[in-house]
Amino acid sequence: QDTLRIDLLNQVAAEHLVNKQDGMAWQIAQQAMALAKQLNYPEGQADALIVIGGVFDDDPLKREKETPPKYLEALEIYKKVNNSTKIAFACKTIGDFYYNLFYVKEGHFAEALTYYEQYVENIEKTNNKLEIAKAYAFIGNMYEEFGEDSKSKEYFQKAVELRKQI
């Protein structure tokens, strides 16, 4: 019952974040975090950290310093509770952060790629063929964008083969 409340708070906070209502996202994520800590619900804490990291990511003055620690802390919690889907989600979120930062400051492509590859590795564990195919296509696009045609082709072929099985 109480963990459901935490999950709902985190979902609402994430919706506010998507809608660029960072103040509300922050406030609700903080509520979720406090309740998750009180109830010793690590997954709820990690979900709140993802939202809090997203709020920092929207602030150019705090982005580089504040965002990665929140996302990385969430990733470590997801690893401790052994949730492959959320590990994959966190890796993609971190990859997105570094990928977007790459366009602001060069030199983050390798970091983005590292987390995107971990995203693929973990989403493969879920056996959700549609999400795995999407992940392969995503990585293929990334490699293509950065001129690594053979790697791009490899991931696109994996995506196509998997989509044929669905």
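Applying the side chain to side chain donor-acceptor pair (under 3.5 Å) definition to pairs two or more places apart or across chains, none involves residues 66-75.
Between Ala29 and Val51, the shortest heavy-atom distance links the atoms CB-CG1, 3.8 Å. Closest heavy-atom contact between Lys129 and Leu162: O-CD2, 3.4 Å. In terms of heavy-atom proximity, Val55 sits nearest to Ala25 at CG2-CB, 4.0 Å. Closest heavy-atom contact between Ile132 and Ile123: CG1-O, 3.4 Å. Closest of all the heavy-atom pairs between Ala36 and Gly44 is CB-C, 3.8 Å. Of all non-hydrogen atoms in Gln30 and Ile52, the two that sit nearest each other are NE2-CD1, 3.5 Å.
Taking hydrophobic clusters as Ile, Leu, Val, Met, Phe, Trp and Tyr residues chained together by side-chain heavy-atom distances below 4.5 Å, Leu9 does not share a cluster with Trp26. Hydrophobic clustering (side-chain heavy atoms under 4.5 Å, transitive across Ile, Leu, Val, Met, Phe, Trp, Tyr) groups Ile50 together with Leu72. Phe56 and Tyr98 sit in two unconnected hydrophobic clusters of ILVMFWY residues. Membership requires side-chain heavy atoms under 4.5 Å apart, directly or through other members. Cluster membership for Ile6 and Leu8, using ILVMFWY side-chain heavy atoms within less than 4.5 angstrom, is not shared. Taken together through direct or relayed side-chain contacts under 4.5 Å among Ile, Leu, Val, Met, Phe, Trp and Tyr, Ile94 and Ile87 form part of one hydrophobic cluster.
Using the six-membered ring where Trp is involved, Tyr116 and Phe138 have ring planes that are perpendicular, over 60° apart on the 30 and 60° scheme.
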Test side-chain contact (heavy atoms from CB on, under 4.5 Å) applied to Gln38 and Asp2, step by step: CA-CA 10 Å; Gln38 180 184 344; Asp2 287 331; over 6 Å; no
side-chain contact (heavy atoms from CB on, under 4.5 Å) between Glu117 and Tyr115, worked out: CA-CA 5 Å; Glu117 287 174 341; Tyr115 285 101; over 6 Å; no
Check against side-chain contact (heavy atoms from CB on, under 4.5 Å), Leu35 and Arg5: CA-CA 9 Å; Leu35 188 54; Arg5 181 167 184 244; 3.4 Å; yes
Verdict with reasoning, Lys86 to Asp47, per salt bridge (charged side-chain N to carboxylate O under 4.0 Å, His left out): CA-CA 9 Å; Lys86 292 216 174 170; Asp47 292 345; 2.8 Å; yes
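Note: Glu131 CD to Glu124 CD = 13.0 Å, rounded to the nearest 0.5 Å. Rounding to the nearest 0.5 Å gives a distance of 13.0 Å between CG of Asp22 and CD of Gln27. Between the CD1 atom in Ile139 and the CD atom in Glu144 there is a gap of 13.0 Å [rounded to 0.5 Å]. Between atom CG of residue Asn127 and atom OG of residue Ser84 there is a gap of 9.5 Å, rounded to the nearest 0.5 Å. Rounding to the nearest 0.5 Å places NZ of Lys79 at 6.0 Å from SG of Cys91. Summarising the geometry, atom CG belonging to Leu17 is positioned 5.5 Å from atom CG belonging to Asp58; distances are rounded to the nearest 0.5 Å.
Looking at heavy atoms from C-beta onward, Phe146 lies out of side-chain contact with Leu113 at the 4.5 angstrom threshold.
Taking the six-membered ring wherever Trp is involved, the centroid distance between the rings of Tyr136 and Phe156 does not fall below 6.0 Å.
Using modelled atom types, one side-chain atom of Asp59 and one backbone atom of Leu61 make a donor-acceptor pair closer than 3.5 Å. Asp57 contributes no side-chain N or O that, together with a main-chain N or O of Gly53, makes up a donor-acceptor pair within less than 3.5 Å. Without hydrogens or angle criteria, Ser152 side chain to Tyr143 main chain gives no donor-acceptor distance under 3.5 Å.
Lys158 and Glu161 are not joined by a salt bridge, as no carboxylate oxygen comes within less than 4.0 angstrom of a charged side-chain nitrogen. Salt bridge Lys153/Asp149: absent, no basic N to carboxylate O contact under 4.0 Å.
Side-chain contact of Asp96 with Tyr119: a donor-acceptor pair under 3.5 Å is absent, judged by distance alone. Counted by atom type alone, Tyr155 and Asn141 present zero donor-acceptor pairs between their side chains at under 3.5 Å.
In summary, of the residues considered (His16, Gln11, Glu15), a side chain to side chain contact (heavy atoms under 4.5 Å, CB included) with Ile28 occurs for His16 alone.
Legend: residues meeting ring pair (Phe, Tyr, Trp, His ring centres under 6.0 Å) with Phe89, ordered by chain and number and at least two apart, are absent.
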